[in-house]
Amino acid sequence: MRLSRYFLPTLKETPSEAEIVSHRLMLRAGMIRQSSAGIYSWLPLGFRVLSKIEQIVREEQDASGAQEILMPTIQPADLWRESGRYDDYGKEMLRIRDRHERDMLYGPTNEEQVTEIFRAHIKSYRDLPKMLYHIQWKFRDEVRPRFGVMRGREFLMKDNYSFDVDHAGAMRSYNKMFVSYLRTFARMGLKAIPMRAETGPIGGDTSHEFIILAETGESQVFCHGDFTDFDPLGEAVDYEGDLQPLVDSWTQLYAATDDQHDAERFARDVPEDKQVVTRGIEVGHIFYFADKYSKPLDAMVQTHDGEQVPVLMGSYGIGVSRLVGAVIEASHDEAGIVWPEPVAPFQVGLINLRTGDQACDAACEDLFGKLRGAGIEVLYDDREERAGAKFADMDLIGLPWQLVVGPRGLESGVVELKQRKTGERAELSADSALARLAG
RNA sequence: CGGGGCGUAGCGCAGUCUGGUAGCGCACCUGCUUUGGGAGCAGGGGGUCGGCGGUUCGAAUCCGUCCGCCCCGACCA
């Protein structure tokens, strides 16, 4: 992509409404545009990141054996009357009436909808287990939306629903998601720690929140320092095998958000030099709630013994749009965003320091073509801007690599390769720069 | 939902108290000079001053009302 043609409205000044760093940087980097409180348009750069994150989530869901579907954003109220949540959910649920005066709602979540799909088609334990997920926009009419996409009213969420005939099977499904989440967040360059959690309006008795450690996070968290050494991507996972030991290894050490925090236990169970007190962002939440929805919605399956039992369910959410903000909270510096490679909107920013100079233009065009030919996503800054402005913009949008081409270097046959994260620079020939980036 | 604040150009703001032809910086357009970390000069474009109503010869400014947005707290992927 040529920057001269790209829609990238970066800002030098910070819009006054933005309080936290990810919100400021997303606005300054031209990633989003606010439509109304808690509702945003995603501009090209932001949309690329959102799509990358969505794709990682999708791949890890698929790997765990879940199947992707797509349910509507608008749901009939009657379904929610069946579960009893139409009245319970309160003002957070956006209620709509269609032209026939039928009560509808913009879905804040999809337990009812997916249970209705399940009950219509699945009647036997032989068809279980099943995990169905979708990645769809949700709307929750929060009292106070804030922090940009970190707590919007409209947000993109991955929600998965598991269906099992017995408790042991349901725990296997729960564990699959538990492990899948660890891998999902790790692939984005995030250290997410599972913490025991309250179940809230979803209900149920088994639940974990996945919390990213970030200085600028929303809530205070307490955990054992050894979590930082854990590597969820260290070995391949067999989702059909026994995941319990792996789950146990992640749940034995102390980890709690402030509302679940037990200061005495923390002091007793965690050695002082291992006590980590920092802030965190909730990016995922998994629940096991058994027959809370299947019972009222009459989603029954027949067991091996011919008995009719309500199917046992869990639900598993990842805040996809929130993750964009969360990654920035976890990875930025004074100059701007520092994207982890897997979620970066482009891998390389190619900077032409002297657009209009024949040698620079030719060298850049050559590199641009070769990089794209090698399948590398590259944003080529071919604008008629001064070097300083180009450096500043490139640092702001945080692409992992900057390939800098200027007249001075070309004279001695070199270009400069800079790593955004470390600031490390290397002068090398165009060919070895290419080799380095393609490798 | 309680408390506070703010709506003036794409962004950041002044002007409001004390009514009198709507301003500044950045961004944008044109030209020239510049060119390795957000250039300089000259010229230029862009505003129903959040909406509606009122007071007044005259309202961004005073009064009323509605709307929107942000921040702090209680709640949430």
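The chains referred to below are lettered A, B, ... by the order of the sequence lines, with proteins before strands, and numbering in each begins at 1.
Minimum atom distance to the side chain of A/Lys12 is reached by B/G38, of the listed B/G38, B/U35, B/G36. Of the candidate nucleotides B/G38, B/C1, B/G36, B/G38 has the atom lying nearest to any side-chain atom of A/Ala389.
Note: A/Phe368 and A/Tyr380 have tilted aromatic rings, judged against thresholds of 30 and 60 degrees for the angle between ring planes.
When both distances must be under 3.5 Å, the Watson-Crick or G-U wobble mate of B/G64 is B/C52. With both pairing distances under 3.5 Å, B/G46 is matched to nothing as a Watson-Crick or G-U wobble pair. In this structure, B/A77 forms no base pair with any nucleotide, since neither Watson-Crick nor G-U wobble geometry is met with both distances under 3.5 Å. B/C69: Watson-Crick or G-U partner is B/G5, with both key distances under 3.5 Å.
Remark: A/Tyr181 engages A/Phe185, A/Phe210 in a ring pair (Phe, Tyr, Trp, His ring centres under 6.0 Å) (not counting sequence neighbours). For A/Phe266, the ring pair (Phe, Tyr, Trp, His ring centres under 6.0 Å) partners two or more places apart in sequence, or in a different chain, are A/Phe222, A/Tyr254, A/His261.
Checked for salt-bridge contact, A/Lys52 and A/Glu377 meet the test: a charged N lies under 4.0 Å from a carboxylate O.
The nearest heavy atom of RNA chain B to A/Glu209 and to A/Thr355 marks one nucleotide each, and the one closer to the 5' end goes with A/Thr355.
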Quick one: which protein N/O atoms are closer than 3.5 Å to N/O atoms of nucleotides 68-74 of chain B? Pair and distance per line, please.
{"from": "B/C69", "atom 1": "OP1", "to": "A/Ala37", "atom 2": "N", "distance (Å)": "2.8"}
{"from": "B/C69", "atom 1": "O3'", "to": "A/Gln34", "atom 2": "NE2", "distance (Å)": "3.3"}
{"from": "B/C70", "atom 1": "OP1", "to": "A/Gln34", "atom 2": "NE2", "distance (Å)": "2.9"}
{"from": "B/C70", "atom 1": "O3'", "to": "A/Glu17", "atom 2": "O", "distance (Å)": "3.2"}
{"from": "B/C72", "atom 1": "OP2", "to": "A/Arg144", "atom 2": "NH1", "distance (Å)": "3.3"}
{"from": "B/C72", "atom 1": "OP2", "to": "A/Arg144", "atom 2": "NH2", "distance (Å)": "2.7"}
{"from": "B/C72", "atom 1": "N4", "to": "A/Arg144", "atom 2": "NE", "distance (Å)": "3.2"}
{"from": "B/A74", "atom 1": "N6", "to": "A/Arg146", "atom 2": "NH2", "distance (Å)": "3.4"}

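Distances shorter than 4.0 Å separate none of the side-chain N or O atoms of A/Lys158 from OP1 or OP2 on B/A77.
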